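For clarity, every value in this text was computed on a predicted model and none was experimentally measured. Throughout, a chain's letter reflects where its sequence line sits, starting with A, and its residues are numbered from 1.
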Protein chains: 2
Amino acid sequence: MELAEAKLKFIEAWGKLGSEWGINRTMAQVHALLMISPEALTTEEVMAELSISRGNANMTLRDLIDWGLVEKQHKTGERKEFFYAEKDVWTIARRVAEERKKRELTPIIKILDQLGAVEGDAKDPAYKTFKTTVTDINKLANNVNKTLDTMLKAEENWFFGSILKVFK
Amino acid sequence: MELAEAKLKFIEAWGKLGSEWGINRTMAQVHALLMISPEALTTEEVMAELSISRGNANMTLRDLIDWGLVEKQHKTGERKEFFYAEKDVWTIARRVAEERKKRELTPIIKILDQLGAVEGDAKDPAYKTFKTTVTDINKLANNVNKTLDTMLKAEENWFFGSILKVFK
DNA sequence: CTTTATTTTCATTTTTTTTTGAAAGTTTAA
DNA sequence: TTAAACTTTCAAAAAAAAATGAAAATAAAG
């Protein structure tokens with residue numbers, strides 16, 4: 001396969017995967033494009049490569065910066081801004097985990113805590129089932145939370161090395 | 001908080017979480033409703049509780065069955081079908097992991113394998129960056145794959161018990 | 001069979017999400 | 001200053017996703 005073709009396929013696949021996980025397809029595609037670019041790109045280049053509008057490129061790049069996956073660079077003599085993507089996959093995975101934890105896990109745990117305080121008749125099956133389900137989900141969420149905390153502090157090696165042996 | 005209010009909040013929160021993770025909001029809500037129902041519900045009941053159409057309820061319930069999260073039940077003397085949700089959170093987590101692995105992880109690994117075979121000049125930075133990025137993502141994906149395999153075979157205890165101590 | 005209850009399908013409509021592009025805003029350099 | 005280069009915003013348009021509902025299909029009962 002040619003590089004040009006492979007690039008297109010990678011961008012397409014990454015975009016699809018992103019959209020399956022609730023991430024805007026274009027954002028995932030811009031991320032893919034920058035990940036495989038050795039050099040930082042300008043907004044113009046991103047627009048041209050992916051055939052997207054200026055507004056879209058700008059907003060998407062800002063979102064990627066908010067996710068900690070892309071950084072703005074300035075080149076001396078150049079007036080334009082350049083965008084460069086983090087390329088270490090372990091760092092990428094950690095940043096994504098960190099953001100989703102903050103944006104989604106923490107809020108849902110807060111709600112589950114509130115719902116755990118529901119009042120009702122201990123003999124009512126509807127009450128019992130509700131309470132048990134919410135409590136169990138809360139426990140699981142807290143375990144995921146703790147595991148992520150550990151993971152976020154850990155070294156790359158944690159995942160690529162020893163961890164797997166523990167479960168053999 | 002009253003049970004009725006708590007139920008609504010739970011259904012709403014579960015629907016929101018689902019949509020953030022690429023799962024149709026209504027599907028997540030139907031799942032939430034069934035998880036907190038001690039008894040299996042009919043299509044009619046699901047329609048009424050969530051104010052959704054028959055077609056929507058039917059398709060959503062079928063999807064939940066495909067995900068292995070809900071089962072159809074038949075009651076003697078009753079002609080209607082009843083729907084009952086798995087309530088063990090560890091089983092739910094496993095089923096979801098299993099399905100997403102099959103639907104998303106396996107396909108992307110296949111593509112990454114193909115892209116790893118890209119031909120090019122070993123001195124071209126564009127080629128090098130592409131190759132490195134794709135290879136690294138492939139390695140990570142394979143590690144996630146292996147970890148999931150282990151997890152899927154493991155006991156509930158794996159997650160709720162010992163595992164966390166390993167990382168202390 | 002025939003009727004009736006129930007489930008499924010899918011073309012159409014509605015809603016939600018994403019994208020566009022032009023105007024407004026900002027920064028830099030002369 | 002002023003003007004050109006560049007970035008950001010956001011109302012409107014387009015596209016994508018989800019929901020509706022009535023007709024078709026299926027299944028059970030008489």
Query raised in the report: Roughly, in whole Å, what's the span from CG in Asn24(A) to P in dA15(D)?
Result: 16 Å
Query - Interatomic distance where CD belongs to Gln29(A) and C1' belongs to dT19(C) [whole Å] - result: 13 Å
Requested in this report: Could I get the full list of salt bridge (charged side-chain N to carboxylate O under 4.0 Å, His left out) partners for Arg94(A), not counting sequence neighbours?
Outcome: none
Report summary line: From CG of Asp66(B) across to C1' of dT8(C) the rounded distance in Å is 14 Å
Query raised in the report: What string of B, S and - do you get for nucleotides 23-30 of chain D, 5' to 3', if B is base contact, S is sugar-phosphate-only contact and - is no contact with any protein heavy atom under 4.0 Å?
Result: ----BBS-
**Report entry** Test salt bridge (charged side-chain N to carboxylate O under 4.0 Å, His left out) applied to Lys9(B) - qualifying residues, sequence neighbours left out
**Finding:** Glu5(B)
Query raised in the report: Around Glu12(B), counting heavy atoms of other residues, nucleotides and ligands shown, do more than 12 lie under 6.0 Å from its CD?
Result: no
Report summary line: Taken in chain and number order and not counting sequence neighbours, the residues that satisfy salt bridge (charged side-chain N to carboxylate O under 4.0 Å, His left out) with Glu45(B) are none
Report summary line: What residues 35-47 of chain B contributes to the DNA chain D interface at heavy-atom separation below 4.0 Å is none
Query - Common cluster, Leu17(A)/Ile109(B), ILVMFWY with side-chain heavy-atom separation under 4.5 Å - result: yes
Report task. Check whether NZ of the Lys or CZ of the Arg Arg100(B) lies under 6.0 Å from the centre of the six-membered ring of Trp67(B) and within 45 degrees of that ring's axis. Result -> no
Query raised in the report: Atom NZ of Lys72(A) to atom P of dT27(C): distance rounded to whole Å?
Result: 10 Å
Query - salt_bridge(Lys102(A), Glu99(A)) N-O dist < 4.0 Å - result: yes
Each nucleotide N or O in nucleotides 10-16 of chain C that has a protein N or O under 3.5 Å away: list the pair and distance.
none

Query raised in the report: Sub-3.5 Å donor-acceptor pair from the side chain of Ser37(B) to the main-chain atoms of Ala40(B), do we have one?
Result: no
